[in-house]
Number of protein chains: 2
Amino acid sequence: MPENRRSADAPRKPTVYDVAQAAGVSIATVSFVFSKPERVKASTAEQVLAAAESLGYVPSASARGLARGRTGAIGLYAFDYLLDADELDVVPGTVGEGRLFPLYADEVQRGVQLECRRRGFALMLGGARTTPHLPHAIDVAGRVDALIAFAGAMPDKTLTQVASRIPVVELGGAVRQEGVHTIFVDNREGMLELTRHLLEVHGYRDVAYLGELGTPEFVQRFDGFSSAMQAAGLPVPEVLPVHAGDDATTIAVVARLLASGSLPEVLVCDTDQSALAAVDALRAAGVTVPRDVAVTGFDGILASRLSAPPLTTVRQPMELVGRSAVQILADILAGESDADRHELLGSAFVLGGSCGCS
Amino acid sequence: MPENRRSADAPRKPTVYDVAQAAGVSIATVSFVFSKPERVKASTAEQVLAAAESLGYVPSASARGLARGRTGAIGLYAFDYLLDADELDVVPGTVGEGRLFPLYADEVQRGVQLECRRRGFALMLGGARTTPHLPHAIDVAGRVDALIAFAGAMPDKTLTQVASRIPVVELGGAVRQEGVHTIFVDNREGMLELTRHLLEVHGYRDVAYLGELGTPEFVQRFDGFSSAMQAAGLPVPEVLPVHAGDDATTIAVVARLLASGSLPEVLVCDTDQSALAAVDALRAAGVTVPRDVAVTGFDGILASRLSAPPLTTVRQPMELVGRSAVQILADILAGESDADRHELLGSAFVLGGSCGCS
DNA sequence: TTGAAAGCGCTAACAG
DNA sequence: CTGTTAGCGCTTTCAA
């Protein structure tokens with residue numbers, strides 16, 4: 001087989017065959033030198049290593065992955081690349097302008113990155129856009145040994161399909177499917193505590209809720225909010241529809257509130273991103289936070305601490321979320337864990353100035 | 001060959017063979033449906049797609065990569081994971097505490113990420129720590145079609161070896177090797193302008209330089225500094241050795257300066273990171289910036305804008321650096337570019353308050 | 001301790 | 001438009 005392996009002219013990428021030939025051993029020995037060094041005599045190993053280096057041998061991960069049945073990589077799937085493709089062209093802005101950085105997903109990703117590095121996994125972000133008929137999530141799933149996905153990033157069907165092949169952790173979701181591990185933060189409790197603060201300490205009664213109910217974590221936040229309201233004997237207001245990824249929705253809601261003539265006492269937002277957008281929109285209209293109206297957020301992203309006033313919010317342990325996901329997957333891949341894992345991480349109420357506290 | 005493909009009990013990952021069988025076609029047809037849909041009759045394609053979905057077929061990127069000779073992924077290599085492994089255990093701190101985020105490399109990475117996504121490349125971060133005899137950089141090189149590396153992250157030898165197999169862009173370095181594409185920012189000019197400002201506007205004469213000369217970009221910064229000093233007829237001070245990645249080095253230098261009894265008028269630091277560390281160290285000693293001593297940085301990271309006072313610094317177009325790297329590699333992989341590419345991006349002097357300006 | 005040989009799952013000629 | 005058939009480069013029993 002290794003006959004016509006090299007054409008006389010073009011220098012092809014050297015393979016195990018080339019290294020083996022140069023070192024005067026078999027390809028199996030070359031392979032062992034790199035994967036099971038203890039099984040090879042030291043002197044032989046040295047020859048092989050020398051040959052490999054002088055030839056500029058770079059082992060093919062594809063070949064290894066195919067033969068071994070695993071790649072050594074973990075994937076992180078954030079959202080469907082196609083859906084926000086145009087958003088990308090609309091906002092190619094520099095860091096700091098327009099888009100605040102880092103956002104929730106960035107901080108989680110950071111945790112994933114750090115933990116992957118610590119444990120020796122390669123990290124695969126996103127998939128290639130080469131297979132029109134295949135969802136992106138499937139493409140990335142085909143490249144890795146395990147996958148981490150944000151809640152709502154993958155359609156249920158895709159999630160099921162991927163989870164039936166490789167371990168999957170869904171971040172910030174609720175337990176939804178057998179075989180899908182989850183990490184979720186105590187959204188309900190956090191929002192409950194925050195709302196209670198607004199009602200009990202500040203005595204607010206006219207409260208608006210800006211957010212969405214698209215994924216379990218958002219539902220839980222609203223749930224915590226509702227419970228606090230009900231416990232205080234107050235009616236639960238409708239959710240004013242706002243999407244964290246799109247400030248325009250927040251701006252629109254604020255505009256509607258302003259136009260209505262009477263502002264609520266406080267706007268409870270289900271993310272820091274929309275809270276910050278709301279503060280900006282209010283300020284632009286000459287309304288001061290928290291003097292004229294209080295605003296609260298959720299997440300505890302960097303920008304919430306740096307804004308003026310700092311946001312009263314609920315802090316999620318974002319880096320830990322990312323780290324925990326990798327840890328779970330590492331356990332499972334190592335065979336040290338079999339059952340479904342569902343990890344609950346605590347959240348922390350953070351008092352800023354935006355609620356009206358000094 | 002596809003005889004004993006499925007053992008009766010354990011449900012194995014379905015392959016093209018399984019899909020082909022279920023759809024009543026050949027494996028080539030299955031392959032075409034996903035890679036060259038136009039070559040397959042619509043009705044056939046539908047059957048195949050249906051079969052694939054019901055079986056939960058997830059194509060193996062390893063197999064595809066091996067057969068095609070390319071993976072569709074681009075790698076980003078930041079530094080040797082082994083070297084900073086313990087640093088990682090020392091500072092597992094949360095975002096915002098102690099270690100700042102995002103740093104220079106994070107912002108560049110963001111650009112790489114965005115551009116990879118836009119162009120449909122998968123992004124591979126780091127390599128697996130599984131091959132004791134192989135440098136990490138080699139492992140990641142084996143996984144991708146092209147590699148982006150930070151200057152100084154890879155030993156020259158490794159760089160050469162990798163570059164002989166796949167296109168490589170080195171970020172923030174100088175042109176060093178044939179076949180290694182580079183992107184560099186005008187470090188010299190930026191630092192020259194900043195230093196000139198200190199000398200001409202503020203009239204400083206007693207100037208210290210904190211930094212290193214480890215990679216070309218740092219050398220260029222010092223070069224710009226030196227030129228400005230010489231042009232003003234001032235002696236060029238020695239470099240006080242400080243490493244951006246290790247605040248302890250900065251703290252030590254500041255301590256030495258404080259102990260010496262007389263502080264310079266200004267500390268010119270070759271990164272924002274060390275400048276921020278210096279400001280902190282000075283503050284801890286009761287020295288106020290810029291009243292008692294001025295401090296300047298380089299990079300323009302987010303933290304430099306948020307610090308009090310904001311840092312006078314030189315801003316690098318970090319996101320653009322990352323994007324450009326991907327663009328170059330995309331061109332080369334598409335065969336639209338053959339020669340070595342060396343791109344020079346501009347830097348911008350940024351006036352903060354830390355130099356003594358109001 | 002090392003070698004021979006059979007795949008891993010997919011792609012891409014080349015036929016038909 | 002679809003099927004046949006070689007490999008892609010590496011790992012891994014099984015023998016020697």
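First the proteins, then the strands, lettered A, B, ... as listed; each starts at 1.
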Point to revise | L66(A) side chain, from C-beta outward: closest of dC10(D), dT11(C), dG9(C) | key: dG9(C)

Review point. For R70(B) and dT11(C), what is the distance between atoms CZ and C1' respectively, to the nearest whole Å?
Key: 10 Å

Review point. Just checking S60(B): base, sugar-phosphate only, or nothing, at a heavy-atom cut-off of under 4.0 Å?
Key: sugar-phosphate

**Study point:** Rounded interatomic separation in angstrom, taking CD from Q47(B) and C1' from dC1(D)
**Key:** 13 Å

**Study point:** Distance-only polar pair, side chains of Q177(A) and T160(A), donor-acceptor under 3.5 Å
**Key:** yes

Check your understanding: Is the distance from OP1 or OP2 of dA4(C) to the nearest side-chain N or O of S26(A) less than 4.0 Å?
Key -> no

Revision key, fill the gap. Whole-Å distance, Q21(B) CD to dT4(D) P, equals 13 Å

Review point. With a 4.0 Å cut-off on heavy atoms, is V30(B) in touch with a base, just the backbone sugar-phosphate, or nothing at all?
Key: nothing

Review point. In whole angstrom, what separates E46(B)'s CD from dC1(D)'s P?
Key: 15 Å

Practice item. Run through L159(B), L76(B), V140(B) and flag the one making a side chain to side chain contact (heavy atoms under 4.5 Å, CB included) with L147(B). Key: V140(B)

Review point. dT5(D), dT1(C), dG3(C): which one has an atom nearest the side-chain heavy atoms of K41(A)?
Key: dT1(C)

**Study point:** Whether F34(A) and Y57(A) hold their rings parallel, tilted or perpendicular, with breakpoints at 30° and 60°
**Key:** tilted

Review point. Does OP1 or OP2 of dT11(C) have a side-chain N or O of R64(B) closer than 4.0 Å?
Key: yes

Practice item. In plain terms, say whether E343(B) and R341(B) are close enough for a salt bridge, that is, a side-chain N and a carboxylate O under 4.0 Å apart. Key: yes

Point to revise | Which residue lies more 5' along DNA chain C, comparing A45(A) with I27(A) via nearest heavy atoms | key: A45(A)

**Study point:** Phosphate OP1/OP2 of dC10(D) contacted by S31(A) side-chain N/O (<4.0 Å)
**Key:** no

Practice item. Find the distance F32(A):CZ to dT11(D):C1' and express it as a whole number of Å. Key: 8 Å

Point to revise | Whole-Å distance separating the CZ atom of R68(A) from the C1' atom of dT13(D) | key: 15 Å

Practice item. Would you please confirm or rule out a distance under 4.0 Å between OP1 or OP2 of dT2(C) and any side-chain N or O of T44(A)? Key: yes

Practice item. Work out which heavy atom in V180(A) is nearest to a heavy atom in A163(A); give both atom names and the distance. Key: CG2-CB, 3.7 Å

Check your understanding: dT2(C), dT2(D), dC10(C): which one has an atom nearest the side-chain heavy atoms of T29(B)?
Key -> dT2(D)

**Study point:** Which nucleotide in dT12(D), dT2(D), dC10(C) has an atom nearest any side-chain atom of A63(B)
**Key:** dC10(C)

Practice item. Assign S62(A) to base, sugar-phosphate, or nothing according to its heavy-atom contacts below 4.0 angstrom with the strands shown. Key: nothing

Check your understanding: For dA12(C), does either OP1 or OP2 sit under 4.0 Å from a side-chain N or O belonging to K36(B)?
Key -> yes

Review point. Do E115(B) and R118(B) sit within salt-bridge range, that is, some charged N less than 4.0 Å from a carboxylate O?
Key: yes

Point to revise | Nearest-nucleotide pick for V40(A), side chain only, options being dG9(D), dT2(C), dG9(C) | key: dT2(C)

Check your understanding: Think Y17(B) has a side-chain N or O under 4.0 angstrom from the OP1 or OP2 of dG3(D)?
Key -> no

Practice item. Take atom CG of D18(B) and atom P of dC10(C), then tell me their distance rounded to the nearest Å. Key: 9 Å

